[in-house]
There are 4 protein chains.
Amino acid sequence: MNERSFILVEILEAVISVKGKNNKKYKIILEAAITIFAKNGFYQSTVSEIAKEAGVADGTIYLYFKNKDDILVQFFNYKTRQVFSAFKAEVEKTDDTVAKLENLVRKHLEEFQRDRNMAFVYQAVTHQKNPLVADKINEISKMYLDIVADIIEKGQQEGSIRKDIYLGLVKRFILGAVDTVINTWLYSGAKYDLTSMTDPLMDLFIRGIGNSEGGKSLE
Amino acid sequence: MNERSFILVEILEAVISVKGKNNKKYKIILEAAITIFAKNGFYQSTVSEIAKEAGVADGTIYLYFKNKDDILVQFFNYKTRQVFSAFKAEVEKTDDTVAKLENLVRKHLEEFQRDRNMAFVYQAVTHQKNPLVADKINEISKMYLDIVADIIEKGQQEGSIRKDIYLGLVKRFILGAVDTVINTWLYSGAKYDLTSMTDPLMDLFIRGIGNSEGGKSLE
Amino acid sequence: MNERSFILVEILEAVISVKGKNNKKYKIILEAAITIFAKNGFYQSTVSEIAKEAGVADGTIYLYFKNKDDILVQFFNYKTRQVFSAFKAEVEKTDDTVAKLENLVRKHLEEFQRDRNMAFVYQAVTHQKNPLVADKINEISKMYLDIVADIIEKGQQEGSIRKDIYLGLVKRFILGAVDTVINTWLYSGAKYDLTSMTDPLMDLFIRGIGNSEGGKSLE
Amino acid sequence: MNERSFILVEILEAVISVKGKNNKKYKIILEAAITIFAKNGFYQSTVSEIAKEAGVADGTIYLYFKNKDDILVQFFNYKTRQVFSAFKAEVEKTDDTVAKLENLVRKHLEEFQRDRNMAFVYQAVTHQKNPLVADKINEISKMYLDIVADIIEKGQQEGSIRKDIYLGLVKRFILGAVDTVINTWLYSGAKYDLTSMTDPLMDLFIRGIGNSEGGKSLE
DNA sequence: TATGAATGAGATTTCATTCAT
DNA sequence: GATGAATGAAATCTCATTCAT
């Protein structure tokens, strides 16, 4: 989704107002829920807490969401979709393969740094067994892995990326490393600039940790 | 704890039988709990389910565990400690840095493949906000990261590992990648041999994904 | 608290409606709880029974009371405080010492006769070791004993009460005797008019059981 | 029960050994139970606690007592009966009415001071609604009240006690006052000598609190 | 729409009692 | 007789969800 199509969606939402989803209150509740989920975890959060955080009555939640689980589902539909479309846009800004990957990683760190609550919820939920969000997670995960896979494949064609690697592993390897960096940052109390991890991460992706001595001087 | 002292502890446990901790039933319940936690997640599991799986009455659980949370805490004390001491032993089998890392990764994949329930619980809980196990997780995580850090540092001294890397990042990068591989395997339904991922993973750690052309042939 | 300030409090309660404390349902539940406590005793009463008696769902109890113990605590805060302020008012109605004591005793018997459930709970709880209400009981007990002590002291100054008595004992002696009379009435099935005991009780307090004819005056 | 018949019972118990009631362990458990009941109250005490205090296994309790309630019932049969027969003996030591009452009161305070646990349990249980011990309590209470009534009636015949009093009230009035004095002592932490209350109590019983100087003789 | 009091199903936990050893 | 592990009924309490206002 590019800038223009994004605006179009906003307009459409304003016009059709499907089920109040573009309603200001819908967003307030969703944001409040994410704040609470991030603080206590999904199962330890109560609908009452969310309502209080959102400044609405408990019952009001049910005018916008089917049930508690649905809040989580909507979170993946609304919030993270937005983020992932931003990732795609970022990748398309350049034609250079390594730069594409670097843009993706930086944007990923940037967005998760900007919305720490989302980061917390994302980290927690993707490792849980909630059947209601499992499909969404798979879908989103696949979206991300596909972006990475596309980049890698293009790089292989260009010659900047090794051909003797297992693509299915590599794409997960990259996502896993980024996830870990975010997780470490979250649990450290978010004291440092997360995006500063982009260059060291890229360096590890591209060159590994091995010392290739001699031949390295040719690079 | 080395091999010998470990055996000693086993013997001692068999002799003193401290409050049933080495009791057969204690292990049955713990194993049952992990099975249930792995299937449904901690918060969606009930004590009744665990009791049923263990083949005991609900009340019996409370003869061995203070409360539901305590089962999780005991799991980390009993089960994973065992695993991590196995990791350490595996690392000490060789002096070669790269082989040490490879042994660690292989053992990690091997153990988690062998006990899939443990793997599920471990994956889920390490990404949750359960204040009761948070400290244990940090402790175990640190243990693992320290093992990796020791290997890396030794490799840097020997010259097999690059010196221009950020150690704090690298150790987490490696743990994150292994975690992701395990997670993918778990959610794929454990259809393939997890340990077969050792070599491709090591290759990515050491050489990265970048194509260093010319010079590479020298390696 | 005098008559006027008491009315003021009633009005204020009606206006501010602090968290349902003056709520109709709060009173219904409290009254139901006292009925059940009076019938079975505190520890043999269940929250379900109270809910049933009050005509509400079990969970509703917890909207008005923190837990089962809290119901008892609230009972002492709300119900008996009211009674004891009535005692004080009654004492102030006259300046004659003996009449003051008589008014107190009569009002005491009157109030406990009127609310037999309260009487049962009061009798039971004041002789129990419930740490949650122990402080309240001490406080209320002290209030009562202080009223009696004030009357006795005033009587001693006036000359209507003997000076060679141990005040700390006398005040408890009086409370103890009244309590016993109430207790007897309760366990007899409340078949007679409790307030009719006022005169005989007062007579015993003032004159004792001894026959003072002849020689007694020499003492 | 007089001295002789009491000894007879002891002998009989030693011979027939009905259901182990004269067993050493029976007494140990009963004593332990009273200690625990005195500390926590009956309903807040567990059979396990009693077993631990007695130094026996939980199951052993049920070899000597039908159930938890039965321990309380036995307590009244075994322990307090013993005490009340001592009361009777004490009363019979003199022929002087006032001295009889004084002996009773002193013995009462003495025994309850000597066995504080018994005192606590007695105070608590006599004010509770336990249907299992209700009958026992009534029976014991009646025994005590009858002793007092006998003394009073004899005193009335002799002329030392007023005739214009209500006997049903007076006997309870005396028991209530003694009870209150014991209760106050218990909850004060048993810091002073309880028997020292005998004289002041007797003084209040006989002479009352009224000042009979001058005009009072006209009443 | 919005509210929030009320609901009641369901979860955790306790503990008197039993029974195989 | 003595044990104490095991039982499971029953109690307390929570909280997602509903619905009359």
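In the text below, chain A, chain B and the rest are named by the order of the sequence lines, each starting its count at 1.
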### Task
Answer yes or no: is there a donor N or O on one side and an acceptor on the other, between the side chain of D/Ser45 and the main chain of D/Gly41, under 3.5 Å?
yes
| message | Is the terminal nitrogen or CZ of A/Lys68 (NZ for Lys, CZ for Arg) located under 6.0 angstrom from the six-membered ring centre of A/Tyr62 and within 45° of that ring's axis? | response | no
**Message:** Cation-pi check for A/Phe120 against A/Lys39: NZ or CZ below 6.0 Å from the six-membered ring centre and within 45 degrees of the axis, yes or no?
**Reply:** no
Is the shortest side-chain N/O distance from [X] to OP1 or OP2 of [N] below 4.0 Å?
X: C/Thr60; N: E/dT7; value: yes
X: D/Tyr62; N: E/dT17; value: yes
X: C/Lys25; N: E/dA6; value: yes
X: C/Tyr64; N: E/dA6; value: yes

Of D/Asn67 and A/Ala57, the one whose nearest nucleotide on DNA chain E sits closer to the 5' end is A/Ala57
Of C/Val56 and A/Asp58, the one whose closest nucleotide on DNA chain E sits nearer the 5' end is A/Asp58
Value for CG (D/Asn117) from OG1 (D/Thr35), rounded to nearest 0.5 Å, stands at 4.0 Å
Presence of salt bridge, C/Lys136 and C/Glu139, under 4.0 angstrom | yes
Task: B/Phe76 and B/Tyr122 aromatic ring geometry - parallel, tilted or perpendicular at 30°/60° bounds - done: tilted
Among F/dA11, E/dT12, F/dT3, the one nearest any side-chain atom of D/Leu63 is F/dT3
Sorted by number, residues from residues 30-41 of chain D placing a heavy atom under 4.0 Å from DNA chain E are none
Test side chain to side chain contact (heavy atoms under 4.5 Å, CB included) applied to B/Asn130 and B/Tyr43, step by step:
CA-CA 10 Å; B/Asn130 191 324; B/Tyr43 291 108; 3.4 Å; yes
**Message:** Are A/Tyr26 and A/Phe65 an aromatic pair, judged by ring center distance below 6.0 Å?
**Reply:** yes
Every stem of 3 or more Watson-Crick or G-U pairs under 3.5 Å that DNA chain E joins, in order of first number, is E:2-21 with F:2-21
